[in-house]
**Q** 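Sharing a structure, written as structure tokens. Questions coming.
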Amino acid sequence: MKRLTGKKTIIMDAGDVMVQREGVSFCRTCGGFCGVRLGIDEQGRLAQIKGDKEHPLTEGYACFKGLRAVETHNGPARLLHPLKRRPDGSFERIPLRQALDEIAEKLQIVIAAHGAQAVAIYRGTPNYVNAISYAFVDAWLKAIGSDSLFSTVTIDQPAKWVAAARLGYWRAGKRSISQSDVWLFAGHNPLVSHQGGGGFYANHPVNRMRQARERGMKVIVIDPRRSELTHYADIHLQIRPGEDAAVAAGLLHIVLGMGWEDREFCDRYVQGLDALRAAVLAFTPEYVAQRAGIKAEDLLAAAELFARQSRRGSLSTGTGANMGPYSNLAEHLYQTLGVVCGRFLRAGEQIDNPGILIPHKTFRAEVAPPQRTWEQGPHSRVKGWGRLFGEKLTGTLSDEILVPGQGQIRALIVPGGNPAVALPDQAKAVQALSSLDLLLSFDPVMSETARLAHYILPPTLQYERPDILPALSYPGYLPKPFSQYTDAVVAPPAGSEVVDEWRALWELARRLGKTLTLAGAELDMVTPPTAEQLLALLTKKAKVPLTEIRKYPSGKVFDIASAVVEPARPEASARFAVMPDDVASELTACLGYCDPPGYGYRLAVRRMRDVMNSTLRELDSIRKRNPSNPAWLHPDDMAALGLAAGDRLEIANEHGRVVAHAAPDERQKPGVVAVSHCWGGLPGDEAEAETAINQLISDSRVESISAMAWMTGIGVRLRRL
Ligand SMILES: Nc1nc2c(c(=O)[nH]1)N[C@H]1C(S)=C(S)[C@@H](COP(=O)(O)OP(=O)(O)OC[C@H]3O[C@@H](n4cnc5c(=O)[nH]c(N)nc54)[C@H](O)[C@@H]3O)O[C@H]1N2
Ligand SMILES: Nc1nc2c(c(=O)[nH]1)N[C@H]1C(S)=C(S)[C@@H](COP(=O)(O)OP(=O)(O)OC[C@H]3O[C@@H](n4cnc5c(=O)[nH]c(N)nc54)[C@H](O)[C@@H]3O)O[C@H]1N2
Ligand code: SF4
Ligand SMILES: [Mo]
């Protein structure tokens, strides 16, 4: 096959489709951001997709779900016209202009009656990988005068925000995976999730792991499942889910007891070390081993490998460690392990990626002091909850909608996201979403949330819109100063009336008489901007001009001035607060924590390789490989329960019960049942094999500060049906 350039028209055979021209882009289905090459047919439709071998970071790698784009763009499940719900629950097709007029009118009524705060946005996962829409969410709320922003961060890993705000963080960042000789993964499985951050780069994660192993990097994995990552592990602590706080306390007990901490670093940058030492005394290796279902000597070996045998290296945590009971504490203690071992970039060391899209920034060898944003207010009328970095807490969204009174949320906009299956306590969440005066869902398919919406606006899909990487301007996701711009490679389907989320938000703001401000500039509210203009605006402070980035369709690692960590300023005196009072009381409470009697198994979270939360479930190709959302159990447990593969079982806890179909997973720890999330339809649907696990997740058994529900490591009872 000939090499193709973006402009030339060449016909190549792609199975049963004829490809007329080729385009280059990057996949925005998950955070792997794989480079892709697209084939476009004679009608201008997406006809083929494959990994882009010329992409400097992903080198041709792309996964099964990313390669489903032809089906998502052209398949029968896609919504192509705005829909309005009729009183009987059915939907009618209406023109976009009418939909926008009516939505604006409803917003006006809500604002007049209840104030702008009554209008909220729930920022779901797809919004994070869409640079313009992401920026518009903040700008739009600001323009209408509402600060009712909820996001998936607070039903995902808010423990990371809480830990950074209680402990403090290192301004120069952690050592990354490419600069480390040991790495500890706690409840994080990037080989499936492609979730980066915290110094781990998830672009082509298999390659990253191979390269690190070739350099001799040691790996510790803490996971109830012998996950894909354990293939690269020197030590695997196969813990009971929900025991991360105890395990992390045990690791600290050993490290501080043996004197393996970095004394010099602790003397200068840590406060409360003695209190920490005393607080973890009770977490002896034997006690932790018994709680977590591991061997004490393995815990010792993990502590020794991390703290004594290796001097450079860090850790990353994922949903496994951030969704259980005491997850704020668990995250705090895992991060504290890195702190007492001084695992940060020091003055004179090189930053992997100073960031292309952000202006010049100084990285200093200093502690940023704890911020405790929730203490400063404002506080919610619902149980006095504070905010996390300005956001309201998604774990409280149902209450914020249902509890009457001043400040009650009456209108909700979902610019990508599926709260009807993602929120804890599904029945309550659905009741809340159904009670709104206005629910506007932007969704390409008839999702559970869309079904509850008054209006559904079908969005353009990823290859129909231009974009820039990294969407969040956050260099921490990319191992090198890399950036990539993509054009809209295909036009939306002929005859459709799909709309960019940002464009619809612009139209609504205009109808409400509001002016949007983006990147410091007031937008023209008469003539709509183009997406290209907006991307130029958003990247105006970039180190490399957008016009330059655009010259490299497969993206490029740019030769920008390298950044070296600067020494601390003399006046910088902040220290890591390793044992503040609230952390100390959580640690005491955690010591006494056990499952209620009669609930002998523990539920664990896990992600499905072929779907992105609830996205892609509707495709035939996905259903063929994943006909259900099963309950994964160790074969010994299945035998003990009398279950064969596919048999029905009941999973119950104090909050509720669900039915699931059993599936064997010999990699799972015995005593654990793992079920993925965001499946199961709405209550009343006949979707038994899909297991709506959030019927078991309570929104009252939650973490303090973040209102994060306990989604993993909770006691459940299993029964064959
Ligand atoms: N294919 C795919 N990719 C995804 C998603 C998806 O749905 N599918 N979802 C995306 C989203 S929204 C997110 S937030 C990220 C999440 O990214 P990750 O956090 O990396 O998610 P997982 O791959 O499920 O890895 C979590 C691991 O935690 C383990 N685990 C479960 N319970 C516990 C526990 O109590 N303690 C410990 N230590 N481990 C535990 C599980 O066995 C699993 O191996 O993934 C993103 N990427
Ligand atoms: N029990 C339990 N509950 C959980 C979790 C868990 O592990 N266990 N995980 C939690 C986590 S980490 C998260 S992030 C949340 C996920 O919560 P959400 O982010 O709310 O859910 P998603 O399923 O990712 O939302 C995807 C929706 O967006 C639509 N969509 C797909 N592509 C596009 C697009 O290009 N534009 C627009 N506008 N829409 C699009 C999809 O059709 C789908 O309806 O769930 C949380 N809930
Ligand atoms: S790993 Fe993520 S970014 Fe890469 S192809 Fe798959 S879905 Fe797309
Ligand atoms: Mo997430």
Side-chain angles (χ1 to χ4, degrees), residues 25-36 49-52 55 57-58 60-69 124-126 128-129 151-158 160 184-198 200 202-206 221-230 236-248 292 316-327 330 334 394 417 422 462 469 602-617 632 665 667-669 672 674-679 710-714:
S25 190
F26 57 88
C27 176
R28 287 148 275 172
T29 305
C30 86
F33 301 129
C34 299
V36 291
I49 176 168
K50 59 187 182 204
D52 178 7
H55 191 279
L57 300 183
T58 56
Y61 171 83
C63 80
F64 185 77
K65 65 184 181 309
L67 297 179
R68 304 274 67 72
T125 307
Y128 288 90
V129 283
S151 83
T152 47
V153 170
T154 48
I155 47 166
D156 180 335
Q157 294 153 79
K160 292 187 169 54
L184 185 153
F185 294 91
H188 177 206
N189 186 19
L191 297 190
V192 166
S193 67
H194 298 83
Q195 166 153 306
F200 184 86
N203 327 94
H204 199 339
V206 173
V221 172
I222 303 181
D223 197 307
R225 183 166 177 267
R226 217 165 65 242
S227 72
E228 292 69 8
L229 200 56
T230 59
H236 174 208
L237 300 180
Q238 193 170 21
I239 66 166
R240 296 179 78 205
E243 295 299 345
D244 288 275
V247 169
S316 56
T317 56
T319 48
N322 280 187
M323 289 186 163
Y326 302 99
S327 56
Y334 277 132
T394 297
Q462 53 180 325
L469 186 70
R602 277 197 180 174
L603 178 70
V605 290
R606 79 177 266 178
R607 260 135 184 86
M608 255 190 211
R609 189 178 276 285
D610 290 350
V611 297
M612 182 67 182
N613 305 325
S614 71
T615 298
L616 300 175
R617 286 170 310 164
W632 301 96
D665 179 6
R667 292 170 161 271
Q668 195 52 267
K669 186 176 180 70
V672 176
V675 184
S676 196
H677 59 294
C678 282
W679 285 72
W710 296 359
M711 296 175 167
T712 200
I714 55 175

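Whatever order the structure lists ligands and atoms in, that order sets their numbers, starting from 1. In this chain, numbering begins with 1 at the start of the sequence shown. As the structure is a prediction and not an experimental result, all values here were calculated from the model.
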**Q** How many angstroms lie between atom SG of C63 and atom CG of D610, to the nearest 0.5 angstrom?
**A** 8.0 Å
**Q** Could you list which atoms of ligand 3 come closer than 4.0 Å to a heavy atom of F33?
**A** 3 (S)
**Q** Based purely on interatomic distance, does A186 place a nitrogen or oxygen under 3.5 Å from a nitrogen or oxygen of ligand 1?
**A** no
**Q** Nearest protein heavy atom to atom 34 (C) of ligand 1, by residue and atom, and its distance?
**A** G320 O, 3.0 Å
**Q** Kindly say whether the aromatic ring centers of H194 and Y61 come within a distance under 6.0 Å.
**A** yes
**Q** Is any side-chain heavy atom of R609 closer than 4.5 Å to a side-chain heavy atom of F64?
**A** no
**Q** Is the side chain of T394 donor-acceptor paired with the backbone N or O of I155 at a distance under 3.5 Å, no angle test?
**A** no
**Q** Checking contacts here: is it the side chain or the backbone of T712 that comes within 4.0 Å of ligand 1, counting heavy atoms only? Could be both or neither.
**A** side chain
**Q** Consider ligand 1: state whether an atom of it lies below 4.0 angstrom from any non-hydrogen atom of Q157.
**A** yes
**Q** Looking at ligand 1, would G713 count as a contact under a 4.0 Å heavy-atom criterion?
**A** no
**Q** Kindly say whether P224 contributes a backbone atom to a donor-acceptor pair with the side chain of Q238 at under 3.5 angstrom?
**A** yes
**Q** Which bit of T319 gets closer than 4.0 Å to ligand 1, counting heavy atoms only: side chain, backbone, both or neither?
**A** both
**Q** Who's the nearest protein heavy-atom neighbour of atom 14 (S) of ligand 1, and how far?
**A** D156 OD2, 2.9 Å
**Q** With rounding to the nearest 0.5 angstrom, report the CG to CG distance, N189 to L229.
**A** 5.5 Å
**Q** For atom 6 (Fe) of ligand 3, count the protein N, O or S atoms found under 2.8 Å away.
**A** 1
**Q** Quick one: does R226's side chain have a donor or acceptor within less than 3.5 Å of a partner on H236's backbone?
**A** no
**Q** Tell me which protein heavy atom sits closest to atom 10 (C) of ligand 1, plus the residue, atom name and distance to 0.1 Å.
**A** M612 CE, 3.5 Å
**Q** Is the closest side-chain heavy-atom distance between D156 and N322 below 4.5 Å?
**A** no
**Q** Does an N or O anywhere in H677 fall below 3.5 Å from an N or O of ligand 1?
**A** no
**Q** Okay, side chain of T317, backbone of A186: is any donor-acceptor separation there less than 3.5 Å?
**A** no
**Q** Please verify whether a non-hydrogen atom of G324 lies at under 4.0 Å from ligand 1.
**A** no
**Q** Is there at least one pair of N or O atoms, one from I222 and one from ligand 1, spaced under 3.5 Å apart?
**A** yes
**Q** List the closest protein heavy-atom neighbour of atom 47 (N) of ligand 1: residue, atom name, distance to the nearest 0.1 Å.
**A** S193 O, 2.8 Å
**Q** Considering non-hydrogen atoms of the protein only, which is the closest contact for atom 15 (C) of ligand 1, and what is the distance?
**A** Q195 OE1, 3.1 Å
**Q** May I ask which of V605, T29, T152 has a heavy atom nearer to atom 31 (C) of ligand 1 than the others do?
**A** V605
**Q** Would you mind checking which non-hydrogen protein atom is closest to atom 35 (O) of ligand 1, with the distance to 0.1 Å?
**A** G242 N, 2.7 Å
**Q** Measure R609 to ligand 1 on non-hydrogen atoms and call it side chain, backbone, both or neither using the 4.0 Å cut-off.
**A** backbone
**Q** Give the single entry among D223, V247, V611, V672 that approaches atom 43 (C) of ligand 1 most closely by any heavy atom.
**A** D223
**Q** Please check whether A604 reaches ligand 1 - meaning an N/O of the residue sits under 3.5 Å from an N/O of the ligand, judged on distance alone.
**A** no
**Q** How many angstroms lie between SG in C678 and CZ in R617, if you round to the nearest 0.5 Å?
**A** 7.0 Å
**Q** Take every heavy atom of H194, measure it against each atom of ligand 1, and state whether any distance is under 4.0 Å.
**A** no
**Q** Would you say ligand 1 has an N or O under 3.5 Å from any N or O of Y334?
**A** no
**Q** Out of curiosity, R68 CZ to T29 OG1, how far, rounded to the nearest 0.5 Å?
**A** 10.5 Å
**Q** Give a yes or no answer on whether the side chain of S676 reaches the backbone of R607 with a donor-acceptor pair at less than 3.5 Å.
**A** no
**Q** Can a donor-acceptor pair be found, under 3.5 Å and without considering hydrogens, that links the side chain of H55 to the backbone of F26?
**A** no
**Q** Mind checking whether K65 has a heavy atom under 4.0 Å from ligand 1?
**A** yes
**Q** Can you tell me which portion of L229 lies within the under-4.0 Å heavy-atom range of ligand 1? Options are side chain, backbone, both, or neither.
**A** neither
**Q** Please list the nearest protein heavy atom to atom 36 (N) of ligand 1 with its residue and the distance rounded to 0.1 Å.
**A** D244 OD2, 2.6 Å
**Q** Can you check whether L191's main-chain N or O pairs, donor with acceptor, with E228's side chain at less than 3.5 Å?
**A** no
**Q** Counting non-hydrogen protein atoms only, what is the nearest one to atom 7 (O) of ligand 1? Give residue, atom name and distance.
**A** N613 N, 2.8 Å
**Q** Can you check which of R226, M608, R607 brings a heavy atom nearest to atom 22 (P) of ligand 1?
**A** R607
